[in-house]
Structure formats: structure tokens, C-alpha cells
**Q** 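I have a structure here, written as C-alpha cells, and I will follow up with some questions on it.
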Amino acid sequence: MAKYSSLFTGEEKNSSRDDAQGARPYQLLLVDDEAGVLNALKRVFRKENYVVHTASNADEALALLGKLPCQLVISDFKMPGMNGAQFLQEAKKLYPQMIRIMLTGHADTDAVMAAIKEGAVYKFILKPWNDDDLRVTVALALEQYELILKNDELRKQNLSKAKEISSLVKLNVTNKSQLAIMLNKRGYLTERQVQELHKHQQSRKKPIIKMILEKEWIDEKEIHSIFRKDMLLDEMDLKEVRIDPEISSLLPASFCEYHLVLPVKVEGRSLTLAMADPLDTGLTDDLRFVTGLDIRTVFSTAKGIVQKIHEVYGDVTSAEELETFITGSDPFEGIEVVIEDDDEMSLEDLLHSTEEPPAIRLVNAIILEAVRLKASDIHIQPKTKNVVVRYRIDGVLHDKIQIPHNLHLAITSRIKVMSELYITERRRPQDGRITVKTPLRIVDLRLSTVPTINGEKIVMRLLDRNASVQQL
């Protein structure tokens, strides 16, 4: 916990934030119309290395934020004029990354919940507060602030890298397609058209089949008729084909969409590859080298391949929604996995898990949400199109989270790793246990995996260690 101690004592620490900001203290803004409450809040943070500012109403606070950006704001709900929910929404417009906490004793529940759903409020704390809890909450919230900054920087870097990869995708494949020559011999393309295609292909590194279809010199149905009747090539309709996520992971989505190819299945050492242009021997040779598998080609329509790519890998909208859910501001990340042989995963590692696969952060969020809601059971149920996470609260099962089906395998593997089960065993039930530690509670999880027609179902029973200790 050395990383957090510096938030309270102000001691030097080696971190990216110190390097970037010169170890400047955090700026806190406290907003309340009661002077006594403001003084009490200031006393809570008097020993911490924070610069604390105060305001007695929303207008004064917004004016202060206009001059001095703060990393965290704590606001009362009931204030003259603009209430706390409205103020925090305005504060979010000024500084979207700033952590916003609402502190109140008498609030309009609907208004507060609306502010939380809109993302204006990070956490909701009731009066009277516990000083220690409030200090820990603020410390974790400021760690969350650093995570947001780091995520933004990683997104920028990822965007830059994606552009570089997109350029490399065009250069890393040797195009040796005989399609244009074959169509010329059959009278569908002239010599001049063939020369134009190869000239453009050399400069633009674009697949021949794409340029032919864009120029509309020949209908794709006629090309497929030649493949089928004259060259006796195998055809595949991708509409009814189910592609395993492990197979699709062999090639990235951007590569597949650019070159109009799609890995379909693996049988032994042979990979079946659906291609719009099965005569591109340069592409198949390169993929044989990259995958280490023998390539068996089948042809399919360019439109059908693109549609199947979006179905298998997901379209742009669903990917953005998933990224927002997994890598956005998630207040339920303070989970520590306690392993019996004292080989512990630190809270710091999990708080900075943006560099880890999305499944890790998703499993952390699922468990912590169950702890927060005081659920007795967690059911992770795979359906045909998605995975439903259900919580049993007060004896009733509630559907709480819906996850894309392509993440199901990663989630089950992550939970098996945490509970030390066999990852490769998917056809037999297994039982295991996990112990997790949140900032305030230690919870034991007893879990069972059961194979179903849609994949493995996981059920976890939550046992709070503190629940058995009763006071007279």
C-alpha cells in the first residue's frame, strides 16, 4: 500500500504522475452551503497532501473551476439555486475527467440516480460520513483519475499504432494473383485493362479482386461461374457457417477485411480459408508461413466475407460500446485476489489493469458489483447471442449485465485461472474456490462450472467472512 500512503503523507514516490506533473499535489474542491460542513470536510483532509478549495454554492464553484482546474470535487445535493446534481453535470462539461462525488443527507433519489446514470457522479456518500472511509474513497478516486488519464494516452497511442498497422497490412503481403491474366485469356478483360490493374496494384498495394469489382468491368457472378465450372474450385456459403473464436483469432479483422479473406476452420494441420480471390498465391503462401498451417482455399462472395467478418469480429459500434464499458471510468476496480499460498495479486496491479486483456477487468467488475449489491450468488449464463450475468439478491435472480458472446471463452478462462481449475476441460463440471478482498470486506467464492449447449455456465456463491460474526 506504499502507493496509497503517499496520498496521505505527501512523501515522494516514483511514478509517472510525479514525472509528468512535477509531484504537484492534487486540487480538491468542496462545495456546501453550510459553513460547518465545509470546515468538517477540510478537517478530514488536513493531514493529506492536497490543496483544498471551498465554495458555498454552485455558481461560486463553477467560477472557481473556470480559473483553477481540480482533480476531484465533493458537492452537497441540497443547495440554494443550482442543486448538486445539476452542478456536477455542469462540472463534467468543463472537465470530463475530473472525479465527482456527491455528499448529502436528504436527497431526491430520482435526481441523484439520474445524475449517476448520466455519468455526472462517480460515487454517492450519505451524511454523516465516516472520516476514514471518506479518506480512502478519495484516495481510490484519485487513483481512478490517474487511470483515466492513462487510458486516454493509451487510446491515442493505440490509434496511432492502428494507423501504422493499417499501412503495414498493405505492404506485408506479396500479391501474386493470376485472376486478371485468367480473365484476359477468357476474353473478359483487355490487355490494356490488365496492365492498368497491375500498375495500380504496384502503387496502391490493393488486391486485384477489389479493383476489378470497384471498376465493375465484370460481374462477380461470372467470376464465380469460372471458378466453379472451369477451374473446379470449392465454394462456401458463409451465412450458415459458425466460426470458432479461436480460429478467427489467427488473423486480425483489419487484415481480413482489407484482403477479403476469412479463416473458417482448422482440421489437423490444415486451415480452411475463405477468399474472394483464391488465385492469389502470394497471399496464401504468406499466410501459410505466418500461421504454420497448410492452407485449403475456398471461394466466397466479397460481400459475404465482409458481412461474416463483421459478425465474427464485431462491428465498429459494438466495439466502441465494449471499450467504453471495459476501459472507461469504472468505480468498482478495488478488488484483490487472495491466493492460499500467499502469492497475492496486488491492488495496485488490478487498478492499473488497462494493459491487461479486457476479460480481467470485466471479471473484476462482475465480482465487485455483486459485492456492492450484496448478492448471494452470481450466475454467468451463456445464451445463443450473448452472455447474461445474473445476481441473486434477497432470493431473487436479476439480469444485470449482458456481454457479447465472443468474450465468453475469455471470461470463463480468467475465472478458471483465479480458482486454479483446468482451463482446457470444458466438457465436465468442475468445482473451485476464490477469495477476494475489497477495501472493506473479504469474501469467499465457491464456484461450479457446468457445460451447456451454448458453452460453460458458471455459478458462484458469495460467502462474507464478516457475516458470521454477530454482536449480542
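Here the structure is a predicted model, which means the values were calculated and not measured.
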**Q** Any heavy-atom pair between the side chains of Arg372 and Leu368 that's under 4.5 Å?
**A** no

**Q** Taking side chain as C-beta onward, heavy atoms only, is Val298 less than 4.5 Å from Phe227?
**A** no

**Q** Can you tell me how far the CG atom of Leu447 sits from the CD atom of Gln430, to the nearest 0.5 Å?
**A** 9.0 Å

**Q** List the steps, then state whether side chain to side chain contact (heavy atoms under 4.5 Å, CB included) holds for Arg135 with Asp131.
**A** CA-CA 6 Å; Arg135 277 193 290 267; Asp131 289 355; 4.1 Å; yes

**Q** How far apart are the closest heavy atoms of Ala180 and Leu197, and which atoms are they?
**A** CB-CD1, 4.0 Å

**Q** Checking Asn184 side chain against Leu189 main chain: does a donor-acceptor pair fall under 3.5 Å?
**A** yes

**Q** Any sub-3.5 Å donor-acceptor pair from Ser413's side-chain atoms to Leu409's backbone N or O?
**A** yes

**Q** Keeping the roles fixed (side chain from Glu220, backbone from Ala302), state whether a donor-acceptor pair exists under 3.5 Å.
**A** yes

**Q** Mind checking the CD1-OG spacing from Ile434 to Ser419? Nearest 0.5 Å is all I need.
**A** 4.5 Å

**Q** Could you list the residues that satisfy side-chain contact (heavy atoms from CB on, under 4.5 Å) with Thr384, not counting sequence neighbours?
**A** Asn454

**Q** Got Gln97 and Tyr145 here, is their nearest side-chain heavy-atom distance under 4.5 Å?
**A** yes

**Q** What distance separates Met418 CE from Leu445 CG, expressed to the nearest 0.5 Å?
**A** 8.0 Å

**Q** Looking at side-chain heavy atoms only, is the closest gap between Phe299 and Ile223 below 4.5 Å?
**A** no

**Q** Can you tell me if Glu456 uses its side chain to pair, donor with acceptor, with the backbone of Thr412 under 3.5 Å?
**A** no

**Q** Kindly check if the number of other-residue, nucleotide or ligand heavy atoms within 6.0 Å of OH (Tyr95) is above 12?
**A** yes

**Q** Applying side-chain contact (heavy atoms from CB on, under 4.5 Å), can you list everything that pairs with Thr297, at least two apart in sequence or on another chain?
**A** Met275, Pro278, Thr284, Ile295

**Q** Locate the shortest heavy-atom distance separating Ser248 from Val312; write the atom from each residue and the value.
**A** CB-CG1, 3.5 Å

**Q** Which residues satisfy the side chain to side chain donor-acceptor pair (under 3.5 Å) test with Gln307, sequence neighbours excluded?
**A** none

**Q** What closest approach, in Å, do Gly455 and Pro382 show between heavy atoms, and which atom pair accounts for it?
**A** O-CG, 3.7 Å

**Q** Partners of Lys229 by salt bridge (Lys or Arg N to Asp or Glu O under 4.0 Å), sequence neighbours excluded?
**A** none

**Q** Only counting residues at least two apart or in another chain, list the ones meeting salt bridge (Lys or Arg N to Asp or Glu O under 4.0 Å) with Arg228.
**A** Glu235

**Q** Would you say Val389 and Ile403 make side-chain contact, with heavy atoms under 4.5 Å?
**A** yes

**Q** Does any part of the side chain of Lys385, heavy atoms only, come nearer than 4.5 Å to the side chain of Gln402, both counted from C-beta?
**A** no

**Q** Supply the atom-to-atom distance Leu293 CG to Leu287 CG, rounded to the nearest 0.5 angstrom.
**A** 10.5 Å

**Q** Can you find a pair of side-chain heavy atoms, one from Ile411 and one from Ile458, that are under 4.5 Å apart?
**A** no

**Q** Provide the full list of ring-ring contact (aromatic ring centres under 6.0 Å, His included) pairs with a residue in residues 379-411, sequence neighbours left out, each pair given once.
**A** His405-His408

**Q** For Asp219, what residues pass the salt bridge (Lys or Arg N to Asp or Glu O under 4.0 Å) criterion, not counting sequence neighbours?
**A** none

**Q** Quick one: pull up CD1 in Ile212 and CG in Asp277 and give me the separation to the nearest 0.5 Å.
**A** 7.5 Å

**Q** Return the set of residues passing salt bridge (Lys or Arg N to Asp or Glu O under 4.0 Å) with Lys265 (not counting sequence neighbours), or none when no residue passes.
**A** Glu267

**Q** Any idea which heavy atoms bring Ala141 and Ile99 closest together, and the distance?
**A** O-CG1, 3.4 Å

**Q** Ignoring hydrogens and angles, tell me if any N or O in the side chain of Gln381 forms a donor-acceptor pair with the backbone of Arg390 under 3.5 Å.
**A** no

**Q** Write out all pairs satisfying salt bridge (Lys or Arg N to Asp or Glu O under 4.0 Å) with one or both partners inside residues 293-304, taking only residues at least two apart or from two chains.
**A** Asp234-Arg296

**Q** Do Ile226 and Tyr188 have side chains that approach each other closer than 4.5 Å (heavy atoms only, starting at C-beta)?
**A** yes

**Q** Any idea which heavy atoms bring Asp431 and Leu421 closest together, and the distance?
**A** O-CD2, 3.1 Å

**Q** Kindly compute the distance separating CD1 (Ile208) from CG (Leu213), expressed to the nearest 0.5 Å.
**A** 11.5 Å

**Q** Restricting to side-chain contact (heavy atoms from CB on, under 4.5 Å), what partner residues turn up for Asp394, sequence neighbours left out?
**A** none

**Q** Looking only at non-hydrogen atoms, find the nearest pair between Met98 and Ala91 and report the distance.
**A** CE-CB, 3.7 Å

**Q** Are any of the side-chain nitrogens in Glu311 or Lys308 under 4.0 Å away from the carboxylate oxygens of its partner?
**A** yes

**Q** Looking at residues at least two apart in the chain, or sitting in another chain, which of them share a side chain to side chain donor-acceptor pair (under 3.5 Å) with Lys210?
**A** none

**Q** Does the side chain to side chain contact (heavy atoms under 4.5 Å, CB included) test come out yes or no for Leu407 and Val387, once each step is laid out?
**A** CA-CA 8 Å; Leu407 280 175; Val387 179; over 6 Å; no

**Q** Going by the rule side-chain contact (heavy atoms from CB on, under 4.5 Å), which residues pair with Val264 if we only count those two or more places apart in sequence or in a different chain?
**A** Met236, Leu238, Val241, Thr272, Ala274

**Q** Please step through salt bridge (charged side-chain N to carboxylate O under 4.0 Å, His left out) for the pair Lys150 and Glu153, ending with a clear verdict.
**A** CA-CA 5 Å; Lys150 185 177 179 182; Glu153 183 62 28; over 6 Å; no

**Q** Please determine whether side chain to side chain contact (heavy atoms under 4.5 Å, CB included) holds for the pair His259 and Asp280, giving the CA-CA distance in whole Å, both sets of side-chain angles, and the decisive distance to 0.1 Å.
**A** CA-CA 10 Å; His259 293 284; Asp280 193 343; 5.8 Å; no

**Q** For the side chain of Glu216 and the backbone of Ile218, is there at least one donor-acceptor N/O pair under 3.5 Å apart?
**A** no

**Q** Output, in order, the C-alpha distance, side-chain angles, deciding distance and verdict of side chain to side chain contact (heavy atoms under 4.5 Å, CB included) for Ile415 and Thr449.
**A** CA-CA 10 Å; Ile415 293 175; Thr449 66; over 6 Å; no

